Protein chains: 2
Amino acid sequence: MSFTNQDLRKAGLKVTLPRVKILELLEKSSEHHLSAEDIYKTLLEQGEDVGLATVYRVLTQFEAAGIIERHQFENNYSVFEILQADHHDHIVCQNCGRVVEFTNPVIEAEQHAVAERLGFELIGHSLNLYVLCDRPECVEARKRRK
Amino acid sequence: MSFTNQDLRKAGLKVTLPRVKILELLEKSSEHHLSAEDIYKTLLEQGEDVGLATVYRVLTQFEAAGIIERHQFENNYSVFEILQADHHDHIVCQNCGRVVEFTNPVIEAEQHAVAERLGFELIGHSLNLYVLCDRPECVEARKRRK
DNA sequence: CTAATTGCAAAAGCTTTGCAGCGCA
DNA sequence: TGCGCTGCAAAGCTTTTGCAATTAG
């Protein structure tokens with residue numbers, strides 16, 4: 001899925017520089033999951049003159065418009081990502097913060113079954129696996145800390 | 001599982017009034033999941049003279065000692081609960097904050113399988129189902145808001 | 001032209017920390 | 001008695017809000 005200025009207009013949002021830049025960042029960043037702070041810093045580095053408050057406002061609007069998703073991991077760590085065609089869950093490294101996506105139809109189906117069995121209307125869910133990851137840098141960093 | 005003053009001592013924690021009271025609250029509360037604020041307010045109501053800072057400090061120590069577990073739901077909503085013998089996940093009502101526990105062995109097994117398949121060392125996980133709950137008060141409250 | 005949007009600064013949660021005094025062992 | 005623990009107040013973080021100036025359509 002790729003979002004354009006048209007999508008902004010459709011959502012009733014004027015096409016402004018901060019919005020375009022933030023959308024671009026979320027689409028093109030190699031890191032798929034960005035925090036508000038990440039986005040703010042990157043824009044400053046690129047010489048854009050945006051305020052952190054604007055970043056938050058825009059992200060909130062994008063979320064309401066169904067353009068992005070907000071994830072809150074443990075330790076009060078929030079990230080945003082462009083909405084994908086497919087739903088997926090997250091694996092988060094507790095050491096270096098790396099995020100990896102995965103999908104599992106069995107778990108997905110079970111979740112719905114659980115909610116239904118208990119008579120709840122399921123409106124959302126979040127599944128995060130917290131791990132120590134296998135990147136050489138991360139393994140090294142952990143050794144050094146001990 | 002039931003924790004006693006002995007468990008505090010074993011954890012290297014002196015048996016002080018705030019700690020005993022907080023432990024008691026967590027064990028006896030009908031609501032199984034309490035926020036720091038909940039605990040603080042309840043203690044004040046009971047006439048105990050504790051500071052909110054102490055509540056946070058004690059909860060952090062309890063967590064480190066493996067006596068309680070901290071859960072962070074969406075919307076920056078954190079709760080604490082006494083550690084149970086069995087692991088379980090949570091269903092959280094997005095309207096009234098009610099928390100219901102559930103266990104599902106299929107999901108549990110799948111999670112481990114996913115981590116293993118991808119070569120990660122699983123050290124924790126959190127699965128939350130967000131729902132609109134079926135309590136009459138909650139259903140009413142939602143109607144009124146619309 | 002005019003309502004939406006922005007940057008800045010201030011404020012609002014929630015949680016942590018510094019410190020002097022109090023209390024458990 | 002001594003060190004751990006506590007309450008209070010202040011500070012830290014992330015996120016939100018008020019406001020006057022700016023800008024898209």
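Just so you know, these numbers use all the heavy atoms, side chains as well, and skip hydrogens, waters and symmetry mates. Reminder, nothing fancy here: chain letters follow the sequence lines and each chain counts from 1. Small disclaimer: the values here were computed from a predicted structure and weren't measured.
- Residues passing the side-chain hydrogen bond (donor to acceptor under 3.5 Å, both in side chains) test with A/E110 are B/N104, sequence neighbours excluded.
- Computed from coordinates, the B/I39 CD1 to D/dT6 P distance equals 14 Å when rounded to whole Å.
- Within the structure, salt bridge (charged side-chain N to carboxylate O under 4.0 Å, His left out) pairs that include any residue of residues 32-50 of chain A comprise A/K21-A/E48 (at least two apart or interchain).
- Whole-Å rounding puts the A/L59 CG to D/dT16 C1' distance at 13 Å.
- One finds no side-chain N or O of A/T60 lying less than 4.0 angstrom from the OP1 or OP2 phosphate oxygen of D/dT15.
- Rounded to whole angstrom, the span from the OH atom of A/Y56 across to the C1' atom of D/dG18 amounts to 18 Å.
- Taking atom CG of residue A/D38 and atom C1' of nucleotide D/dT15, one finds them 15 Å apart after rounding to whole Å.
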Return the polar atom pairs (N/O with N/O) between nucleotides 7-12 of chain C and the protein under 3.5 Å, or none.
| unit_1 | atom_1 | unit_2 | atom_2 | d |
| --- | --- | --- | --- | --- |
| C/dG7 | OP1 | A/D49 | O | 2.5 |
| C/dG7 | OP2 | A/G51 | N | 3.2 |
| C/dG7 | OP2 | A/T54 | OG1 | 2.2 |
| C/dG7 | N7 | A/R57 | NH2 | 2.9 |
| C/dG7 | O6 | A/R57 | NH1 | 3.4 |
| C/dG7 | O6 | A/R57 | NH2 | 3.3 |

Report, one pair per line, the protein and nucleotides 23-25 of chain C atoms (nitrogen or oxygen only) whose separation is under 3.5 Å.
| unit_1 | atom_1 | unit_2 | atom_2 | d |
| --- | --- | --- | --- | --- |
| C/dC24 | O2 | B/K14 | NZ | 3.3 |
| C/dA25 | OP1 | B/V15 | N | 3.1 |

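- The side chain of B/R19 lies closest to D/dC5 when the candidates are D/dT16, D/dC5, C/dT6.
- With sequence neighbours excluded, no residue forms a side-chain hydrogen bond (donor to acceptor under 3.5 Å, both in side chains) with B/T103.
- In this entry the distance linking CD of A/Q61 with P of D/dT15 reads 16 Å, nearest Å.
- With respect to B/D7 and B/R19, no salt bridge is recorded, no charged nitrogen being found less than 4.0 Å from a carboxylate O.
- Between the C1' atom of D/dA24 and the CD atom of A/Q6 lies a distance of 15 Å, rounded to the nearest Å.
- Ring planes of A/H125 and A/H112: perpendicular class, angle over 60° (limits at 30 and 60°).
- Counting only heavy atoms from C-beta outward, the side chains of A/I67 and A/L83 never approach each other to under 4.5 Å.
- Note: A/H33 and A/H88 have perpendicular aromatic rings, judged against thresholds of 30 and 60 degrees for the angle between ring planes.
- Here the P atom of nucleotide D/dT15 and the CD atom of B/E74 are 13 Å apart, to the nearest Å.
- The bend of the helix from C/dC1-D/dG25 to C/dA25-D/dT1, defined by the angle between the axes of its first five and last five pairs, stands at 30° to the nearest 10°.
- Taking atom CZ of residue A/F62 and atom P of nucleotide C/dT5, one finds them 11 Å apart after rounding to whole Å.
- Aromatic pair B/H90/B/F73: centroids less than 6.0 angstrom apart.
- Once rounded to the nearest 0.5 Å, the distance linking CG of B/L127 with CD1 of A/I107 reads 8.0 Å.
- Note on B/S78: only backbone sugar-phosphate atoms sit closer than 4.0 angstrom, heavy atoms only; bases stay farther off.
- By the neighbour-count criterion of 12 heavy atoms within 6.0 Å, atom CD of B/Q46 is densely surrounded, having more than that number from other residues, nucleotides or ligands.
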Checklist entry - Would B/E101 and B/H87 count as a side chain to side chain donor-acceptor pair (under 3.5 Å) if you check the C-alpha gap in whole Å, the side-chain angles of each, and the deciding distance to 0.1 Å? => result CA-CA 10 Å; B/E101 302 171 353; B/H87 166 79; over 6 Å; no
